[in-house]
Structure formats: structure tokens, C-alpha cells
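This report concerns only the one structure given below.
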Amino acid sequence: MTKSKLGTPMSAPGPLPEAADPLAAVAQGAPAALNLADNFLIAMPSMQDPVFGGTVVYVCEHNENGVLGVVINKPTDMTMETLFERIDLKPVDSVDIDEPIMFGGPVQDDRGFVLHTPGKRYSSSLTVTKDVAFTTSIDVLEAVAAGEGPRRMLVSIGYAGWSPGQLEGEISRNGWLTVSADPEILFNLPIEQRYTAAMRLLGIDPLMLTSEAGHA
């Protein structure tokens with residue numbers, strides 16, 4: 001799997017210039033024939049890819065310009081405390097600074113992105129559903145540090161991007177299963193349980209699945 005050209009890597013944390021913002025690249029396109037926004041992509045157990053093997057990806061946007069998603073079950077060794085230090089923010093005492101940061105994908109993997117419950121408006125944000133929004137601007141992290149952030153959230157470093165037709169090809173080759181996303185899995189379930197829980201949305205036991213299965 002290759003990185004898409006949906007975003008250009010940046011060298012330092014902070015607000016994203018428009019040209020580097022994945023929302024500027026993807027969100028303005030017309031709907032794709034197969035629209036997987038607000039779906040989970042579940043890597044088939046047979047996938048040996050070192051980046052995406054064993055992952056669940058939440059799809060934020062899918063249109064004629066490509067696909068943008070975030071891996072939700074691959075924690076890094078970074079915590080919120082580390083991220084706040086990198087962007088020179090001092091969190092209030094009520095903020096959980098031990099929360100792990102996810103590896104969201106290989107695109108712009110030196111920058112922070114946030115999946116969260118909608119509410120307050122941020123300068124660069126996409127509302128996916130009534131339950132999920134995706135924000136690329138630093139003001140959401142400023143709100144979190146101030147104790148005024150979203151009620152539920154997942155913070156990642158990097159995101160996953162596919163160029164037009166790329167993901168559809170991978171699905172046709174049985175690389176991924178797809179299923180409507182469940183916000184409880186996204187925000188509340190322990191990280192190590194998310195892959196199995198996503199599979200079970202399809203009524204599948206991962207231990208029984210073979211590479212012969214297709215997408216749902």
C-alpha cells in the first residue's frame with residue numbers, strides 16, 4: 001500500500017496551511033460511487049502489510065478525490081502529555097495527559113489530528129455524522145488543554161489516505177472488510193478490543209475468518 005497524495009508532510013506541529021490540510025484536498029470532491037464515509041475498514045487477517053495489518057480504520061471522507069481515514073487501534077508510545085509539550089500547551093489538571101496517541105496512518109505522520117464528538121466549531125473541521133467530527137487545526141488541542149475540549153475524542157499522529165480508486169481496488173482484492181462504524185468502538189472501547197469488536201459487527205469471529213472472505 002502506498003501513501004496517497006492527499007497531503008504533504010509538514011515538519012513541525014501547529015496549524016495546517018490550506019495546501020497541507022487533508023480536508024482541503026479531499027472534502028470538496030463530489031461523492032464517490034462507493035461512499036464509505038462513517039465506515040470501519042477492517043484489515044483482513046491475511047493482510048501482511050507492516051503499516052495496516054491488524055488495523056481498523058475509521059473513514060472520515062470518501063469522494064472523487066480519494067479517501068481519508070484514521071487508524072483507531074494502533075497506539076504509539078506518545079501520550080497527550082508528550083503532544084502538549086511538543087506544541088507548547090500547558091493542560092489544566094483535569095485533562096487526562098496519560099491518554100495514548102494513535103498512529104493514524106502514514107500521511108503527515110508528524111502532525112496531530114483529532115476525531116471527536118461534534119460541538120464547538122474549529123477552524124478546520126469536517127462533521128462526518130452527528131456523532132463524529134474530524135479536526136485538523138490546533139485550536140481543538142488548545143480547547144482540550146484548557147479543559148474545554150470535545151466530550152469524547154481520539155487523537156492521532158498522521159492519517160491514512162488513498163488516491164481515487166486505490167481503496168476500491170484493495171477491497172476488490174479482499175484486503176479489507178467494511179462495516180458501518182460504531183462510535184462506542186471508536187471512542188470508548190479499550191484499544192486492544194477494537195479489532196475484534198469491529199469484526200463482530202459483521203457477525204464474524206476473526207479466528208474463523210479466512211482470506212476467502214470479501215467485504216460486506
Side-chain angles (χ1 to χ4, degrees), residues 1-29 37 41 49-52 55-63 65-91 95-128 132-146 148-150 152-163 166-167 186-187 191:
M1 180 178 299
T2 59
K3 293 183 183 181
S4 79
K5 299 179 181 178
L6 300 183
T8 303
M10 302 290 287
S11 60
L16 290 170
E18 182 177 357
D21 190 334
L23 296 185
V26 177
Q28 301 305 314
L41 302 176
D49 186 280
V51 175
F52 289 102
T55 63
V56 178
V57 179
Y58 178 78
V59 178
C60 304
E61 184 67 290
H62 185 185
N63 59 38
N65 293 329
V67 180
L68 184 157
V70 175
V71 176
I72 68 166
N73 68 326
K74 196 170 183 178
T76 68
D77 57 4
M78 182 184 297
T79 64
M80 289 297 293
E81 180 178 25
T82 311
L83 182 60
F84 286 138
E85 289 173 353
R86 285 181 56 182
I87 56 180
D88 297 323
L89 289 176
K90 184 174 177 58
V95 175
D96 182 3
I97 61 174
D98 295 323
E99 187 72 19
I101 305 298
M102 294 297 110
F103 169 74
V107 186
Q108 292 192 16
D109 57 4
D110 56 352
R111 307 194 63 85
F113 302 94
V114 184
L115 288 169
H116 58 90
T117 49
K120 181 179 177 180
R121 296 183 65 86
Y122 302 103
S123 60
S124 182
S125 191
L126 170 72
T127 299
V128 185
V132 184
F134 175 69
T135 295
T136 66
S137 50
I138 198 172
D139 50 355
V140 66
L141 294 176
E142 291 171 340
V144 171
E148 301 171 354
R152 299 193 294 180
M153 66 179 184
L154 179 151
V155 180
S156 76
I157 296 296
Y159 68 92
W162 289 263
S163 55
Q166 183 182 0
L167 178 61
L186 175 61
F187 293 122
I191 296 166

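Numbers here simply count residues along the sequence, with the first being 1.
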Point to revise | Worked verdict on Ser137 versus Ser124 for side chain to side chain donor-acceptor pair (under 3.5 Å) | key: CA-CA 5 Å; Ser137 50; Ser124 182; 5.2 Å; no
Check your understanding: Are any non-hydrogen side-chain atoms of Met153 and Val144 less than 4.5 angstrom apart?
Key -> yes
Review point. Side chains of Tyr122 and His116: does their closest heavy-atom pair fall under 4.5 Å?
Key: yes
Point to revise | Val128 and Glu61, any side-chain heavy atoms less than 4.5 Å apart | key: no
Review point. Looking at CD of Glu148 and CD of Glu142, how far apart are the two atoms once the value is rounded to the nearest 0.5 Å?
Key: 11.0 Å
Point to revise | Non-neighbouring partners of Thr76 that pass side-chain hydrogen bond (donor to acceptor under 3.5 Å, both in side chains), sequence neighbours left out | key: none
Study note, to complete from the structure: Value for CD1 (Ile72) from OH (Tyr58), rounded to nearest 0.5 Å, stands at 9.5 Å
Point to revise | Side-chain heavy atoms of Phe134 within contact of Leu68, under 4.5 Å | key: yes
Check your understanding: Which heavy atom of Cys60 sits nearest a heavy atom of Val70, and at what distance?
Key -> SG-CG2, 4.2 Å
Point to revise | side chain to side chain contact (heavy atoms under 4.5 Å, CB included) partners for Asp98, two or more places apart | key: Asp96
Check your understanding: In Å, rounded to the nearest 0.5 Å, how long is the span from OG1 of Thr82 to CD1 of Ile101?
Key -> 7.5 Å
Review point. Which of parallel (below 30°), tilted (30 to 60°) and perpendicular (above 60°) describes Trp162 and Phe52?
Key: tilted
Point to revise | Donor-acceptor under 3.5 Å (Ser156 side chain, Gly158 main chain) | key: yes
Review point. When you measure from the side chain of Lys74 to the backbone N and O of Val51, does any donor-acceptor pair fall under 3.5 Å?
Key: yes
Check your understanding: Is the shortest heavy-atom distance from the side chain of Val114 to the side chain of Leu141 under 4.5 Å?
Key -> yes
**Study point:** By ring pair (Phe, Tyr, Trp, His ring centres under 6.0 Å) - contacts of Phe84 (at least two apart)
**Key:** none
Exercise for review: Kindly indicate, with the supporting measurements, whether the criterion side chain to side chain contact (heavy atoms under 4.5 Å, CB included) is fulfilled by Val67 and Val59.
Suggested key: CA-CA 7 Å; Val67 180; Val59 178; 3.9 Å; yes
**Study point:** Minimum side-chain heavy-atom gap Val132-Leu115 below 4.5 Å
**Key:** yes
Review point. Hey, does the side chain of Asp139 reach the backbone of Ser123 with a donor-acceptor pair shorter than 3.5 angstrom?
Key: yes
**Study point:** Heavy-atom check, side chain of Leu41 versus side chain of Leu167, under 4.5 Å
**Key:** yes
Review point. Looking at residues at least two apart in the chain, or sitting in another chain, which of them share a side chain to side chain contact (heavy atoms under 4.5 Å, CB included) with Glu81?
Key: Thr79, Glu85, Ile97
Review point. For the atom pair CD1 (Ile157) and CZ (Phe103), what is the distance rounded to the nearest 0.5 Å?
Key: 10.5 Å
Point to revise | Residues forming a side chain to side chain contact (heavy atoms under 4.5 Å, CB included) with Thr117, sequence neighbours excluded | key: Pro150, Arg151, Arg152, Phe187
Exercise for review: Measure the spacing between CG of Leu154 and CE of Met102 and express it to the nearest 0.5 Å.
Suggested key: 5.5 Å
Check your understanding: Would you say the side chain of Met80 lies within less than 4.5 Å of the side chain of Val95, judging by non-hydrogen atoms?
Key -> no
